[in-house]
Amino acid sequence: MEIIKQSIHMNRVKCRNALRVTVDDDVNVPDNKPDVGTIVWKGASVRLNEKKSSGTRLFLEGSLLYRVLYLSEEEGASVQSMRGELPFDETIELPEACNGDTITLRADVEEFEIGLIHSRKIAVRALLGVLVQSEELHDVRATTELAETEHVHTKKRMIPVTSIVADRKDTARLREELSLPSGKESIGELLYWELLLRNPEAKAREDRLEAKGELSLFALWKGVGEEGITESYEVNLPFQTEFDISGCREGLIEDVVFRLSNENLTVKPDEDGEERILEAEAVLEAELKLYEEKEMEIVSDLFATDALVTPVLQVEEYENILFKNDSRFRVSERLPLPEELPGILQICRGAVEIKPDVCVREEEHLRLSGSLEVELLYISEEDDRPLLSYHRSVPFSHQIEVRGLTPESMYDVRCHVADASFGMVRSKEAEVKAELAFSVLAVENRKEAVVVDVTREEFASDYLENLPGMVGYTVKGNECLWDIAKRYQVAPEEIVRVTEHPGDVREGDILLISFFCLS
């Protein structure tokens, strides 16, 4: 008797750990930069450089990339900026040894502060949230067929399975070029810039994964005119790229995380020799996972009419994706300025960041609450404070449908700002409109008893002689025909034939079990 098995190929989460890392250092102002008077804008991101594992320990190295926009009190150099990076290293303890496993790392800046120690030194402090996940390749082999089974009868059932089609990391280089609008002065000195990833999406195609989104570019510069006025420009640059993945196809579940690294902005002359061309470059890093959902028919039980055949069962544990749910949530909020701040002449830059706080399960929903950290950079009405910023926390609460989630299920909630726009209502009030995107990927741990082998033992010599010719049997409860047939080791179709029964048995039905077919 030949057993035919089929493999379920998957990535299984072996262990995970979350921790917070503090990066704290004092930074001197470069010699070629004027003194710092007032810090008006700041930003930070994390770059993970290297990771090594040894037993249950993971050694992590990375850098905090920071940028600062400030006002100087020196004449002719009022708006200035600084950029830099602070390296850090951390040892992370995992519950299990992770040598040879696939390690997934995600790091986010949860808190970031820039303090002014004195005019030539600033204090940089950040709290990083780091999530570490160790995954191992796992094959579950289940019996799906039996060959050469003339006298063997099998019982089958369908089980949901999620197999992994692709699990890899890849990069794509993005490059976008644009000209300044005609109403903007040419660039005399580039003071500050940011290049951020907005609204990334992934779509599985034939042998490739299509990625698209926007590069949010903000540039602040001093014009070339006699007055050298401060100019700003903000624009979203759409991009589209592809990653070649063998076996990729439409209908797969995409679980993709995108990040930007090695961002750079270059100023170039146009055809007239004026500095009006901006060239934005960055590397798009992608953690690519593609899953296929299907149902597999497996052998759950068996018996034979010519021998004592016993299935050898083994309990296999595997992960199955319950659902992937994407939702959007819109927020609109007025931003009145405090009395001590001067009014707005022009909005230069707005930023919105989601800070999730509490995630509570409510029956078939997740209630996610937290705050939106809103930053506004604007040109003010006061000449001695030409550039100012305003920060406000806006609470939010969003309900996400998670129908089918079990208490044992694991789920991962990801969120980002899909779109944000800022407008000036009046000189002392602005308005922000934002669209927040949420994605939930839920996984259940399943345990299935699968047939991995079969033992066979011949009937005793007097077994058939001691059988009665025929017996009657009354169906009880939710019994099925196959279970009754196994009890008496008679083919189900033989019971149907002798009883002249249609085959769909119900409680109270009387069946005739004939043993003449075994002799």
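We count residues from 1, following the sequence as given.
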**Student:** In terms of heavy-atom contacts, does CD of E339 have more than 12 from other residues, nucleotides or ligands at under 6.0 Å?
**Tutor:** no

**Student:** Treating S389 as the side-chain partner and V40 as the backbone partner, does any N or O pair qualify as donor plus acceptor under 3.5 Å?
**Tutor:** yes

**Student:** Might you work through the salt bridge (charged side-chain N to carboxylate O under 4.0 Å, His left out) test for E234 and R349, ending with a clear yes or no?
**Tutor:** CA-CA 7 Å; E234 184 176 9; R349 174 69 161 168; 2.6 Å; yes

**Student:** How about S327 and H398: does a side-chain donor come under 3.5 Å of a side-chain acceptor?
**Tutor:**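 Yes, side-chain donor-acceptor contact under 3.5 Å.
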
**Student:** Which distance, rounded to the nearest 0.5 Å, do you find between the CG of D357 and the CD1 of I354?
**Tutor:**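 Here the interatomic distance stands at 13.5 Å.
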
**Student:** State plainly whether the residues K289 and E135 are in salt-bridge range, i.e. N to O under 4.0 Å.
**Tutor:** yes

**Student:** Quick one: which of D108, L19, L64 gives a side chain to side chain contact (heavy atoms under 4.5 Å, CB included) with L128?
**Tutor:** L64

**Student:** Does the S380 side chain pair with the main chain of E382, one donor and one acceptor, at a distance under 3.5 Å?
**Tutor:** yes

**Student:** Between D31 and K33 (salt bridge meaning N to carboxylate O under 4.0 Å), is one present in this structure?
**Tutor:**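 The answer is no: the pair does not qualify as a salt bridge.
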
**Student:** Between E279 and T266, do the side chains contain an N or O donor and an N or O acceptor separated by less than 3.5 Å?
**Tutor:**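 Note: E279 and T266 side chains miss the donor-acceptor criterion.
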
**Student:** Can any side-chain N or O of D412 pair as donor or acceptor with the backbone N or O of A442 at less than 3.5 Å?
**Tutor:**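 Pair absent, no side-chain N/O of D412 close to backbone of A442.
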
**Student:** Are Y378 and P342 packed together at the side-chain level, in the sense that at least one heavy-atom pair is separated by less than 4.5 angstrom?
**Tutor:**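 Yes, at least one pair of side-chain atoms sits under 4.5 Å.
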
**Student:** Check for me whether R83 meets the cation-pi criterion with W193, that is, NZ or CZ under 6.0 Å from the six-membered ring centre and within 45 degrees of the ring axis.
**Tutor:** yes

**Student:** OG1/T38 to CG/L388 distance, rounded to the nearest 0.5 angstrom?
**Tutor:**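 Atom-to-atom, T38:OG1 and L388:CG are 8.0 Å apart.
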
**Student:** Does either side chain, that of S246 or that of D207, offer a donor lying less than 3.5 Å from an acceptor on the other one?
**Tutor:**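 Looking only at side-chain atoms, D207 and S246 do not form any donor-acceptor pair under 3.5 Å.
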
**Student:** Rounded to the nearest 0.5 Å, what separation is found between the CH2 atom of W41 and the OG atom of S81?
**Tutor:** 14.0 Å

**Student:** Does the distance from a Lys or Arg side-chain N to an Asp or Glu carboxylate O, for R120 and D35, drop under 4.0 Å?
**Tutor:**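 Result for this pair is yes, salt bridge flagged.
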
**Student:** Is the count of non-hydrogen atoms from other residues, nucleotides or ligands lying under 6.0 Å from E177 atom CD greater than 12?
**Tutor:** yes

**Student:** For L71 and V79, run side-chain contact (heavy atoms from CB on, under 4.5 Å): C-alpha distance rounded to whole Å, both residues' side-chain angles, the deciding distance at 0.1 Å, then the answer.
**Tutor:** CA-CA 5 Å; L71 298 180; V79 182; 3.9 Å; yes

**Student:** Give a yes-or-no answer on whether the side chains of E285 and S261 include a donor-acceptor pair shorter than 3.5 Å.
**Tutor:** yes

**Student:** Return the minimal non-hydrogen interatomic distance between F396 and L368, and the atom names on each side.
**Tutor:**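 Closest approach of F396 to L368: CE1-O, 3.9 Å.
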
**Student:** When you compare the side chain of S439 with that of V413, does any pair of heavy atoms fall below 4.5 Å?
**Tutor:**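 Side chain of V413 against side chain of S439, heavy atoms only: no contact under 4.5 Å found.
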
**Student:** Look at R208 together with E206 and state whether they make a salt bridge at an N to O cut-off of under 4.0 Å.
**Tutor:** no

**Student:** Out of curiosity, E364 CD to L405 CG, how far, rounded to the nearest 0.5 Å?
**Tutor:**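 With rounding to 0.5 Å, CD (E364) is 10.0 Å from CG (L405).
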
**Student:** Which heavy atom of V352 sits nearest a heavy atom of F422, and at what distance?
**Tutor:** CG2-CZ, 3.8 Å

**Student:** For E435 and R330, what are the C-alpha separation, side-chain angles and deciding distance, and is it a salt bridge (charged side-chain N to carboxylate O under 4.0 Å, His left out)?
**Tutor:** CA-CA 4 Å; E435 185 177 33; R330 294 183 180 275; 3.6 Å; yes

**Student:** Do L86 and Y66 pass the side-chain contact (heavy atoms from CB on, under 4.5 Å) test, and can you show the C-alpha distance, the side-chain angles, and the key distance before you say yes or no?
**Tutor:** CA-CA 8 Å; L86 298 177; Y66 65 88; 4.0 Å; yes

**Student:** For the OG1 atom of T22 and the CZ atom of R125, what is their distance to the nearest 0.5 Å?
**Tutor:** 5.5 Å

**Student:** Quick one: does E231's side chain have a donor or acceptor within less than 3.5 Å of a partner on E185's backbone?
**Tutor:** yes

**Student:** Considering all heavy atoms of both residues, which atom of R106 and which atom of V257 are nearest to each other, and what is their separation?
**Tutor:** NH2-CG2, 3.5 Å

**Student:** Looking only at atom types and distance, does a side-chain atom of K355 sit under 3.5 Å from a main-chain N or O of S393, one as donor and one as acceptor?
**Tutor:** no

**Student:** Under the salt bridge (charged side-chain N to carboxylate O under 4.0 Å, His left out) rule, what do R168 and E287 come out as? Steps first, then yes or no, please.
**Tutor:** CA-CA 6 Å; R168 52 181 277 199; E287 293 179 4; over 6 Å; no

**Student:** Is any side-chain heavy atom of L116 closer than 4.5 Å to a side-chain heavy atom of K121?
**Tutor:**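 They are not in side-chain contact.
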
**Student:** Is there side-chain contact between Y192 and W221, with at least one heavy-atom pair below 4.5 Å?
**Tutor:**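 They are not in contact (no side-chain heavy atoms under 4.5 Å apart), so the answer is no.
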
**Student:** Main chain of E444, side chain of R446: is a donor-acceptor contact present, judged purely on distance under 3.5 Å?
**Tutor:**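 Between the backbone of E444 and the side chain of R446 there is no qualifying donor-acceptor contact (under 3.5 Å).
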
**Student:** Between atom CG of L191 and atom OG1 of T230, what is the distance when rounded to the nearest 0.5 Å?
**Tutor:** 6.0 Å

**Student:** Do I400 and F329 have side chains that get closer than 4.5 Å, going by heavy atoms?
**Tutor:** no

**Student:** Would you say N199 and E214 are linked by a side-chain donor-acceptor pair, where the criterion is simply a distance under 3.5 Å?
**Tutor:** no

**Student:** Check whether the side chains of T162 and N320 place a donor and an acceptor atom closer than 3.5 Å, and report yes or no.
**Tutor:**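 Note: T162 and N320 side chains meet the donor-acceptor criterion.
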
**Student:** Locate the shortest heavy-atom distance separating G343 from L337; write the atom from each residue and the value.
**Tutor:**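 For G343 and L337, the tightest heavy-atom pair comes out as CA-CD1, 4.4 Å.
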
**Student:** Could you tell me whether the side chains of T91 and E93 share a donor-acceptor contact shorter than 3.5 Å?
**Tutor:**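 Checked: T91/E93 side chains show no N/O donor-acceptor pair below 3.5 Å.
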
**Student:** Please check this pair: side chain of R392 against backbone of L372, looking for a donor-acceptor N/O pair closer than 3.5 Å.
**Tutor:** no

**Student:** Considering all heavy atoms of both residues, which atom of E293 and which atom of I321 are nearest to each other, and what is their separation?
**Tutor:** OE2-O, 3.2 Å

**Student:** Applying salt bridge (charged side-chain N to carboxylate O under 4.0 Å, His left out) to R414 and D255, what does each step give before you reach the verdict?
**Tutor:** CA-CA 11 Å; R414 300 175 191 168; D255 182 21; 2.7 Å; yes

**Student:** Over all heavy atoms of both residues, which pair between P338 and K428 is shortest? Give the atoms and the distance, please.
**Tutor:**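 Heavy atoms of P338 and K428 come nearest at O-NZ, 3.1 Å.
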
**Student:** Could you check V267, D270, L178, I187 and say which one makes a side chain to side chain contact (heavy atoms under 4.5 Å, CB included) with R276?
**Tutor:**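 Running side chain to side chain contact (heavy atoms under 4.5 Å, CB included) over V267, D270, L178, I187 with R276 returns exactly one hit, D270.
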
